[in-house]
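Below is one structure, written out as structure tokens; comments come after it.
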Number of protein chains: 2
Amino acid sequence: MGALPTIHDVARVAGVSRQTVSNVLNSPDIVRPDTRDRVTTAIAELGYRPHESARRLRTRKSSTIGIRIDPMTDGISGSVLDRFLHALTEQAAAQGLRVMLFTATDPDDEIRQFARLRDGADVDAFVLTSTFHGDPRTEWLIENEQSFVTFGRPWGIDDMNDPAHLWVDVDGWWGLHEATTALLAQGRRRVGYIGWPSPSGTGDDRRRGWHDAMLAGSGLTDAQLAPLAIATPDGVTPGGAALRALLAGSPGVDPVDAVVCASDSLALGALIASAGAIPVIGYDNTPVAQALGLSSVEQPLDEVASGVLELLTGAHRGRPDAGPATDPRHRLVRPRLVLRSPAPLPTP
Amino acid sequence: MGALPTIHDVARVAGVSRQTVSNVLNSPDIVRPDTRDRVTTAIAELGYRPHESARRLRTRKSSTIGIRIDPMTDGISGSVLDRFLHALTEQAAAQGLRVMLFTATDPDDEIRQFARLRDGADVDAFVLTSTFHGDPRTEWLIENEQSFVTFGRPWGIDDMNDPAHLWVDVDGWWGLHEATTALLAQGRRRVGYIGWPSPSGTGDDRRRGWHDAMLAGSGLTDAQLAPLAIATPDGVTPGGAALRALLAGSPGVDPVDAVVCASDSLALGALIASAGAIPVIGYDNTPVAQALGLSSVEQPLDEVASGVLELLTGAHRGRPDAGPATDPRHRLVRPRLVLRSPAPLPTP
DNA sequence: AGCAGGAATTTGAACGATCAAATTGCACAA
DNA sequence: TTGTGCAATTTGATCGTTCAAATTCCTGCT
């Protein structure tokens with residue numbers, strides 16, 4: 001086998017012109033059925049595939065999505081990005097889109113990478129993860145009229161309706177609300193919460209989920225709830241320490257009889273520290289949670305990925321002002337609570 | 001700002017021809033220094049970047065590496081691929097290479113993806129992970145003269161010298177040898193091994209590392225060592241079960257006083273089951289191990305990534321027969337033993 | 001001054017696809 | 001028969017770059 005067949009080869013074999021072959025590929029409906037058949041036969045016979053770079057050069061579209069891959073400093077929850085990446089790659093491929101990776105040391109560096117990839121016409125849209133309030137990356141992308149969608153809300157004022165950019169996010173409020181409600185339904189009353197210090201968009205959202213569910217279902221007041229929540233850095237050890245504090249109680253504060261956490265890392269620490277004495281629910285449904293039988297809130301990353309792609313390829317084409325105002329500019333998907341057997345840890 | 005500047009714009013501003021600009025970019029040494037300066041100034045002034053697709057079309061090189069991303073069924077060790085991906089992306093970028101992802105449901109599907117990406121001229125080399133004996137993917141790639149490097153040995157007969165393809169791997173034998181030796185140095189004598197059933201290239205290699213270290217340093221014979229090794233599927237629960245069996249001993253077999261494992265999943269199970277009674281060493285140094293203070297063998301994924309890129313861009317250019325026979329066709333890197341504090345688990 | 005010979009630079013063509021405009025084919029009405 | 005209108009197809013130009021060959025520029029030598 002010599003060189004790869006070009007559109008010209010296909011045209012010759014099928015006895016038509018280049019453009020007709022191109023039309024069969026890109027707008028089949030304007031080609032007469034019998035010619036179309038002849039062309040598709042020739043394509044199959046030669047094993048022809050369009051040269052993507054040539055196509056990109058002409059159409060000025062790269063059909064490629066750029067996404068940054070993190071340095072894995074996340075600890076246990078690192079696999080969330082990994083799973084999202086898989087879902088995104090898979091669903092993008094189904095739509096003829098490719099996923100290209102890049103790394104960056106900090107937000108400013110990431111912006112430099114944006115410029116590099118845009119200038120090289122390597123990608124025509126970006127997917128951002130881990131957004132935060134006043135994120136310079138989204139500002140740059142908006143200014144430079146780059147298509148992008150974020151996995152994560154902008155976390156600003158009225159972020160839910162912010163028309164400035166397109167986003168998909170998981171409803172952490174709902175996830176912790178569900179988890180807490182499930183524990184209340186099991187007869188628990190003093191459900192504690194272990195989360196991260198404010199301000200944290202994601203963290204505060206999750207805490208509110210717990211808080212609202214408790215307010216509605218536990219009979220406790222705002223003031224009584226306050227000592228049941230602990231803010232601590234993420235990690236297994238802090239999680240264990242927090243749980244011991246909650247179990248010990250304090251003067252005038254009874255111990256908790258269950259706990260929900262903002263992450264599986266915290267939950268793992270809590271699970272080990274509690275030694276199965278009280279139920280623990282984590283967040284992210286990481287492999288560790290699955291392995292240990294830890295209940296957890298699972299983010300439906302498939303849905304997030306499809307939502308991201310929809311915003312990227314839909315009416316807005318990744319640009320908030322490009323589509324009709326009636327089209328949704330964001331999507332909030334509901335996580336799923338995974339309840340597992342209560343006593344997973346082998347008794348030593 | 002209108003359209004992106006092209007090489008022609010740069011040429012006009014610098015008062016030279018297209019080709020001279022091209023030369024400044026691709027072979028600066030043949031351009032006279034003062035012209036070169038004029039051109040680079042113009043490039044900086046306009047913020048020019050070559051259009052990668054145009055370049056790819058002309059040169060028939062994509063400067064892009066394709067790598068499959070797994071569906072994360074790996075459990076706890078899944079993050080190894082993630083970390084490798086990060087290292088690869090980072091180092092590839094430093095050499096002007098891009099990393100493109102794809103997914104596949106099985107080896108045959110992966111081969112179809114190879115063809116798709118090759119035909120679209122999207123990538124010009126592949127990086128394979130998780131190779132196994134008689135891997136159909138490597139066969140296809142060799143037949144079709146595709147550039148590729150594997151992370152993992154071919155695991156065939158005389159794989160260490162197999163000239164058929166280029167590979168980089170981590171010396172699992174050495175890792176377990178180190179781990180075992182470290183335990184022996186601490187005064188342990190009956191170090192057990194929990195691993196996977198044969199045949200498993202990686203698994204058998206790691207078991208041999210333990211075996212050889214024990215033979216040399218424990219004073220036990222081949223026959224005495226046999227009952228100290230347990231083969232079991234990967235996972236936390238199997239790891240716990242295996243450890244309990246090893247701790248219980250059997251008629252004529254004393255309990256173990258330490259244990260090394262083929263994975264962090266197994267080690268985590270063992271760690272929990274042993275409740276800190278004996279030291280446990282895992283493999284992969286996953287976030288879980290770091291979080292729990294579990295000793296583990298760390299794969300130097302940076303080194304693996306740079307080794308892969310060296311083989312891809314070096315004399316062989318990703319094709320085993322392309323370079324001089326004297327050039328190394330593979331690279332075996334040594335893992336690093338990370339010893340952590342012995343009793344990380346809080347006593348319930 | 002004239003010329004050889006190499007270095008530096010420029011010019012025309014090509015990579016493989018799509019776009020825009022031109023052309024052909026065909027059915028039907030005048 | 002001839003023209004009209006629309007559908008189907010073809011032709012020439014172009015995207016931005018690099019290759020290959022042609023050209024210009026310079027230096028040193030006779």
Side-chain angles (χ1 to χ4, degrees), chain A residues 2-40 42-43 46-64 96 98 116-124, chain B residues 2-40 42-43 46-64 96 116-122 124:
Chain A
L4 290 175
T6 73
I7 202 171
H8 194 268
D9 300 322
V10 177
R12 193 161 25 75
V13 169
V16 297
S17 71
R18 308 187 303 276
Q19 187 60 34
T20 300
V21 179
S22 175
N23 287 336
V24 168
L25 262 52
N26 300 307
S27 25
D29 43 315
I30 69 165
V31 178
R32 210 170 44 196
D34 58 325
T35 356
R36 188 165 52 210
D37 290 345
R38 211 143 29 92
V39 171
T40 44
I43 288 178
L46 296 175
Y48 165 77
R49 298 233 183 220
H51 191 291
E52 292 298 336
S53 290
R55 174 179 276 182
R56 284 202 273 272
L57 172 59
R58 190 61 179 103
T59 60
R60 315 189 116 302
K61 299 228 167 292
S62 69
S63 301
T64 302
R98 282 164 291 276
R116 186 175 64 87
L117 291 166
R118 176 203 52 181
D119 293 347
D122 274 328
V123 311
D124 45 25
Chain B
L4 291 174
T6 72
I7 202 170
H8 193 267
D9 299 321
V10 177
R12 193 162 24 78
V13 169
V16 297
S17 71
R18 307 188 304 276
Q19 187 59 33
T20 301
V21 179
S22 175
N23 286 337
V24 168
L25 261 51
N26 300 307
S27 26
D29 44 313
I30 69 165
V31 178
R32 211 171 43 197
D34 58 327
T35 350
R36 187 163 53 209
D37 290 345
R38 211 143 28 91
V39 171
T40 44
I43 288 179
L46 296 176
Y48 164 78
R49 298 234 183 222
H51 192 291
E52 292 297 336
S53 289
R55 173 178 277 183
R56 285 202 271 275
L57 172 59
R58 190 62 180 107
T59 62
R60 316 188 119 294
K61 298 228 166 293
S62 69
S63 301
T64 302
R116 185 175 66 88
L117 291 165
R118 175 203 52 179
D119 293 347
D122 274 327
D124 46 25

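Here is how names work: the chains are called A, B, and so on, in the same order as the sequence lines, proteins then strands, and each is numbered from 1. Because the structure is predicted, anything quoted here is derived from the model rather than measured.
- B:Tyr48 approaches B:Ile7 most closely through the heavy-atom pair CE1-N, 3.4 Å.
- Contact of the B:Arg56 side chain with the B:Thr64 side chain is registered, since non-hydrogen atoms from C-beta on lie closer than 4.5 Å.
- Annotation: side chain of B:Val16 is in contact with side chain of B:Val39 (closest heavy-atom distance under 4.5 Å).
- If you take CD1 of B:Ile30 and C1' of D:dC19, they are 12 Å apart, rounded to a whole angstrom.
- A distance of 8.0 Å separates CZ in B:Arg32 from CZ in B:Arg38, rounded to the nearest 0.5 Å.
- B:Ile43 is listed as a side-chain neighbour of B:Leu25, based on a closest heavy-atom distance under 4.5 Å.
- Side-chain N/O atoms of A:Asn23 include none lying less than 4.0 angstrom from OP1 or OP2 on D:dA8.
- For B:Arg36 (side chain) and B:Val24 (main-chain N/O), no donor-acceptor pair under 3.5 Å exists by modelled atom type.
- Rounding to the nearest 0.5 angstrom, the gap separating the CZ atom in B:Arg49 from the CG atom in A:Asp122 is 10.5 Å.
- The nearest pair of heavy atoms linking B:Asp119 to A:Gly47 is OD2-O, 4.3 Å.
- The two atoms that bring B:His51 and A:Ala121 nearest to each other are NE2-CB, 3.3 Å, heavy atoms only.
- Remark: the backbone N or O of A:Asp124 is paired with a side-chain donor or acceptor of A:Ser62 at under 3.5 angstrom.
- At least one side-chain heavy atom of A:Val13 sits less than 4.5 Å from a side-chain heavy atom of A:Leu46.
- A pairwise comparison of heavy atoms in A:Ser17 and A:Ala11 identifies C-CB, 3.6 Å as the closest pair.
- Two end axes, each from the C1' atoms of five base pairs, can be drawn for the helix from C:dA1-D:dT30 to C:dA30-D:dT1; they diverge by 70°, to 10 degrees.
- Taking the side-chain contact (heavy atoms from CB on, under 4.5 Å) definition, one finds that B:Asn26 meets it with B:Ser22, B:Arg55, sequence neighbours left out.
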Could you go through nucleotides 23-27 of chain D and list every protein N or O atom that sits under 3.5 Å from one of its N or O atoms, giving the distance for each pair?
none

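- A heavy atom closer than 4.0 Å to some atom of DNA chain C occurs in A:Tyr48, A:Arg49, A:Pro50, A:His51, A:Ala54, A:Arg55, A:Leu57, A:Arg58, A:Thr59, these being the qualifying members of residues 48-60 of chain A.
- Of the residues in residues 8-21 of chain B, those placing a heavy atom less than 4.0 Å from an atom of DNA chain D are B:Arg18, B:Gln19, in numerical order.
- Between A:Thr6 and A:Asp9, the closest side-chain pair of non-hydrogen atoms falls below 4.5 Å.
- Extent of DNA chain C lying under 4.0 Å from chain B heavy atoms, first and last nucleotide in 5' to 3' order, is C:dA8 to C:dG16.
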